Amino acid sequence: MLDQSTKDRIQSDIDASDVVLFMKGTPVFPQCGFSAAVVGVLSHLGIKFKGVNVLDDDSIREGIKQYSDWPTIPQLYVKGEFIGGCDIIREMYETGELMEMLNTHGVDVNPQPVQS
Amino acid sequence: MAMQAHEIEDLIRLAFPDAKISIEDLRGDGDHYSCMVESAAFLGKTRVQQHQMVYNSLGGRMGGQLHALALQTRAPKS
């Protein structure tokens, strides 16, 4: 069961930024391939986001899975809404739905120029 | 203790008898699979909901006994 104090801390993390990624490691040093993949997508799209390193706090690491009823990390939240984990973010990126969702959520998007 | 591909398929089929399921062992270690599930049960459901339905069919093994399952889901084209 998710205790109230952990839930409150998770909620304040989610509310602290438009785009929040619960991940293993940090955006600069991801410590898991799946987390790194989502960081890569967000960075490529030029999206500002807050990384929450679940490896720093076991109660957050387990609590976030109950909070969203989602068994794995990473987990992406946009304006408080759970969007998905690595598979879904990657699929949305490939189909263009990720940009569309960010726009409809009113998130500032400025894609980086792709180095050819 | 990792899982066998047929174990994963059996669990998913139990929950989705009509499903088309394809599973690939990405590294041959029984721990990294990709899986496509097509079922009418997904009609009208968001991707998150579809994936949650599959994870539920795996009975809590996702993220524990089963470390990596690159999952794709879809409803059959009507």
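Only a predicted model underlies this, so the values are computations on that prediction, with no experimental measurement involved.
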Taking [Y] as the starting point, is it possible to reach [X] by hopping between hydrophobic residues whose side chains are less than 4.5 Å apart?
X	Y	value
A:Met99	A:Leu21	yes
A:Met101	A:Val38	yes
A:Ile64	A:Leu2	yes

Checking A:Glu91 side chain against B:Leu71 main chain: does a donor-acceptor pair fall under 3.5 Å?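 Side chain of A:Glu91 to backbone of B:Leu71, a donor-acceptor pair under 3.5 Å: no, none is there.
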
What's the shortest heavy-atom distance between A:Asp87 and B:Tyr55, and which atoms?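 Heavy atoms only, the tightest pair is OD2-OH, 4.3 Å.
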
Spatial distance of atom CZ (A:Phe82) from atom CD (B:Gln52) [nearest 0.5 Å]: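 That separation rounds to 7.0 Å.
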
Rounded to the nearest 0.5 Å, how far does CD1 of A:Ile83 lie from CZ of B:Arg47?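 Here the rounded value is 11.0 Å.
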
So does A:Lys7 have more than 12 non-hydrogen atoms from other groups sitting under 6.0 Å from NZ?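 No - once you tally the heavy atoms of other residues, nucleotides and ligands closer than 6.0 Å, there are 12 at most.
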
